Structure formats: C-alpha cells, structure tokens
A.B. asks: 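Sharing a structure with you now.
Computation of the quantities below employed the complete heavy-atom set of this structure, encompassing side-chain atoms and omitting hydrogens, waters and symmetry-equivalent molecules. Worth saying up front: this structure is predicted, and the values here are computed from it rather than measured.
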There are 2 protein chains.
Amino acid sequence: MSQLCEASGVPVPSIKYYLREGLLPSGERTSANQVDYSDAHVERLHLIRALIDVGGLPVATAGRVLAAVDSPDLPLSYIFGVAQYAISDADLYDELEGPSDGTAIVDETIERMGWKVTDENPGRRGAARILDTYARLGRDELAAIPEGYAKGAELIARADLAAVATTSDVRDMAEIVVVGTVLGDGLVASLRRIAQEHVSNEMFANPRSES
Amino acid sequence: MSQLCEASGVPVPSIKYYLREGLLPSGERTSANQVDYSDAHVERLHLIRALIDVGGLPVATAGRVLAAVDSPDLPLSYIFGVAQYAISDADLYDELEGPSDGTAIVDETIERMGWKVTDENPGRRGAARILDTYARLGRDELAAIPEGYAKGAELIARADLAAVATTSDVRDMAEIVVVGTVLGDGLVASLRRIAQEHVSNEMFANPRSES
C-alpha cells in the first residue's frame, strides 16, 4: 500500500478510504500480509482524484460515477444518461416544487431546436430552476433561453460526442463520457469567462484606452 | 425584522447573519427599538439567496460578489472582470503549479479565435487546469479544446453581453453580469446535458427501438 501511495501520490489514509467505500477495487492478496496492486490501481486513483479535486464531486457521488464507468453492459445510448444521473445530483437538478414558467421556456427551446430528449433529462429541471430564479429576481432580461445559449450548447455537445466516437471500446467510451461531462462543465465555464472578456471589450471599449 | 422575514421568506437568524457579514445593509432606525426595512431589503434578500442556494456560492463569496454590484463607479469594461474575479475563487481558477501544456493549448485557442483578453482572466487558468487533468489521466482525445467548445463559448458570451446591453443603468448592468455569470454556468451546464442526450440518440440510435 505504501508503494501504491508513492506511485500515485495519494496518501495512504485516502487510499484506505476509497477501498472501504468501493471506489478502488481491492488488490490481489499474494500472501498473509502482502497485497499486490497493479498499474490499473494507480490509474484508478488518478481518475478518483480528478473527479474529486478538479471536478469538485463529493466522494459518494464519485463512487456512483465510477460505478457507471464499471458497467459496460449498458446500451451505448444509455451511457450518457447514466453518467448524467450519477453526476447531476446537485440541488440544481432536483425536482421543482410546484408549477414553473421555466419549464415551459425549456420545453419551447427543446421544440424549437428539434431536440429529442426524455422527460427525465436532469438538464430540463436545472435549466427551469435557473430561469424561475431569474424571474423571481425580476431579471426579465435573463428569464429566457437566448438562441446563442441553445446553439452554443449543441455545438459543445457535438464536440462531446465526437470525443466519445474516437473509440469503440465501451468501457473507454463510458470513461470519456464521465470524465468529459464532470470536468467539461469547468472547461466550458472557463472558456465562457474568456469569451465574455473579449466580447465585453469589443462592445464597451473605451477608445481613449487604446493607444 | 420579523416582518422582513415574512416578506422575504428568509429565516430571522439568516437575516441577522447577512446583516453581520455585510451582505445586507442595515435598516433605518426610527426609534430605540424599531428598525425599518424597505422593499429594497426584500429584493436584496432574494438576490442573496439566489446566489447562495441556486448559484451554490459560499456566503463569503456571495459577499464579495455583492460588493462588486455595489460599486457602480467601476468602468463598464471592468464590470465583467470584477464579477469574474469575485465569483471565480473556486480551486479551479487558482494559479497553476509548475509548467502546463494546457496553458499552451488555451493560448493557441485564444489566438485562433482572435480573442483579446488579459493574462489575468481566471478562465485561462481554469481551462488549462482541466486540460492538464485530461492529459494526466491519459485521455488524449479530451486534452484539446474542440472548435465546438470555443465557438459555443463565444455564442454564449455574446448572448450574455446582449442581456447586459438591454440597460444603460450601471448598477443594473452590474447585477445582470453577476447574476447571469453565477447562475448562467448552471443554465449552460443544463442545456449541455439536454443537447448531449439529443446528439447521443442521433449518433447511437438503436433502429429497433424506433417504432
């Protein structure tokens, strides 16, 4: 175990915790007081830490996400669904309380974009919740889904699926889906920050500040 | 204070906490044991709760964000910057440790897109950190910024700025920037979930399941 700690950079108490919680499979017992860990264990530890440290997932959620990766028998069309449900357990995606204007706006956008999605997609509830919040704050200029948001989301999703299609190994696909969905939200948010500064400078440029 | 609680739906202990932490301005003292609160206080409480409950900000961060909203003297071109710095204090946007291939990929994308942004934009660090993590996980098919991500982010940012441009009141602009940036990340992530399901069905459709 101390060698696994050295190879992975993950402290022994954390390794023990991940073993206990089922995120990391047990090593192979080779004698009474010797357990062998493989390179696969080191890789798995890197994946666990990426989901928790960079993706910001709670340990229990990371466990559910990894369980999805470990279920390669699922039909391909369900891989995204499984990853999304496992990941989307933040309050944002909870069931809404009572009727919601946001839901109608989301449905309209799905219709307009020609998207075919199930009623259970967690993004429906997340988007509706945000729109309802904008409306409650009286921020009517935000309480809609701009065309740029819908088109931008579709461009991003097409890139996501193109990455998945680079492999035909189902376990590999599941890992790309999970890693790309958890960490991809941060990449999208980061690029949005960069593009906002550019567009903001473009629109609100102060001519005097340009030399 | 109990009337403020009733009007806003926010419990008295929370109201006291926000007052103490400076998120909510004090009411007007009208006699020795009477403080008057206005509709502006109710609106402010809704804004505080939206940032914390829906946007997921820690109370201290919400305080910094509201301080940005309360500084309408800032030049317009800096409003986004202030909001972004106040919001982007998650680990994702911290300084990177050591050299980073991700930084080079981010720089290339900024160049290719013709984006003009400062070195201090927090999105640069966030995007580089995610790309470095993909590479460390050996997920080379993800360790790049797909064109769809860059173009999608720009479409979304243009919609963000269009919402800001609906008003010429600087305080209003600041609030749209802050609310739209904090909650907008959740809206983008939600739409990405919806579009992923649609594109995934399109690419990996099982003909038998269609009647």
Side-chain angles (χ1 to χ4, degrees), chain A residues 46-47 50 54 76-77 80 84 88 92 110 115-117 121-124 126-127 129-130 133 136-137 139 141-142 146 148-161 163 165-166 176 179-180 183 185-201 203-204 206, chain B residues 46-47 50 54 75-77 80 84 92 110 115-117 121-124 126-127 129-130 133 136-137 139 141-142 146 148-161 163 165-166 176 179-180 183 185-201 203-204 206:
Chain A
H46 287 156
L47 178 56
V54 186
L76 276 187
S77 56
F80 261 97
Q84 292 190 343
S88 309
L92 177 62
I110 290 173
W115 288 340
K116 291 194 181 64
V117 282
N121 188 297
R124 283 178 180 267
R129 170 167 280 114
I130 301 281
T133 305
R136 205 162 47 241
L137 293 173
R139 294 258 62 113
E141 62 286 282
L142 292 173
Y149 269 59
K151 287 192 171 167
E154 186 169 324
L155 280 175
I156 290 161
R158 289 199 183 282
D160 288 332
L161 270 294
T166 57
I176 295 173
V179 171
L183 302 188
D185 278 350
L187 182 54
V188 169
S190 296
L191 293 172
R192 181 177 172 230
R193 303 268 181 288
I194 297 173
Q196 279 177 338
E197 184 184 333
H198 168 69
V199 179
S200 163
N201 286 337
M203 283 178 69
F204 299 114
N206 176 358
Chain B
H46 287 156
L47 178 56
V54 186
L76 276 187
S77 56
F80 263 98
Q84 292 191 345
L92 177 62
I110 289 173
W115 289 340
K116 291 195 181 63
V117 284
N121 187 297
R124 283 179 181 266
R129 171 167 280 114
I130 300 280
T133 304
R136 206 162 47 241
L137 293 174
R139 295 257 61 113
E141 62 286 283
L142 293 172
Y149 269 60
K151 288 192 170 167
E154 187 170 324
L155 280 175
I156 290 161
R158 290 201 182 279
D160 288 332
L161 270 294
T166 56
I176 294 173
V179 171
L183 302 190
D185 278 349
L187 182 54
V188 170
S190 295
L191 293 172
R192 182 179 172 229
R193 302 267 181 288
I194 297 173
Q196 279 177 338
E197 183 184 332
H198 169 68
V199 179
S200 163
N201 285 336
M203 284 178 68
F204 300 115
N206 177 358

A.B. asks: Considering all heavy atoms of both residues, which atom of A/Lys116 and which atom of B/His198 are nearest to each other, and what is their separation?
C.D. replies: N-ND1, 2.9 Å
A.B. asks: Within the distance-only criterion (no hydrogens, no angle test), does the side chain of A/Asn121 pair as donor or acceptor with the backbone N or O of B/Arg193 below 3.5 angstrom?
C.D. replies: yes
A.B. asks: Check B/Val179, B/Asp160, B/Leu187 against A/Leu142 for a side chain to side chain contact (heavy atoms under 4.5 Å, CB included) and give me the one that passes.
C.D. replies: B/Val179
A.B. asks: Is any side-chain heavy atom of B/Arg129 closer than 4.5 Å to one of A/Leu183?
C.D. replies: no
A.B. asks: When heavy-atom pairs shorter than 4.5 Å are enumerated against chain B, which of A/Val188, A/Leu155, A/Leu47 gives the highest number?
C.D. replies: A/Leu155
A.B. asks: In Å, rounded to the nearest 0.5 Å, how long is the span from CD of B/Gln196 to CD1 of A/Ile156?
C.D. replies: 9.5 Å
A.B. asks: Is B/Arg139 in contact with chain A via its backbone, its side chain, both, or neither, using a 4.5 Å heavy-atom distance?
C.D. replies: side chain
A.B. asks: Sort out for me which of A/Gly180, A/Ala165, A/Pro146 touches chain B most, counting heavy-atom pairs under 4.5 Å.
C.D. replies: A/Gly180
A.B. asks: Heavy-atom distances under 4.5 Å only: say whether B/Leu161 touches chain A with side chain, backbone, both or neither.
C.D. replies: both
A.B. asks: Pick whichever of A/Glu154, A/Arg158, A/Arg136 has the most heavy-atom pairs under 4.5 Å with chain B.
C.D. replies: A/Arg158
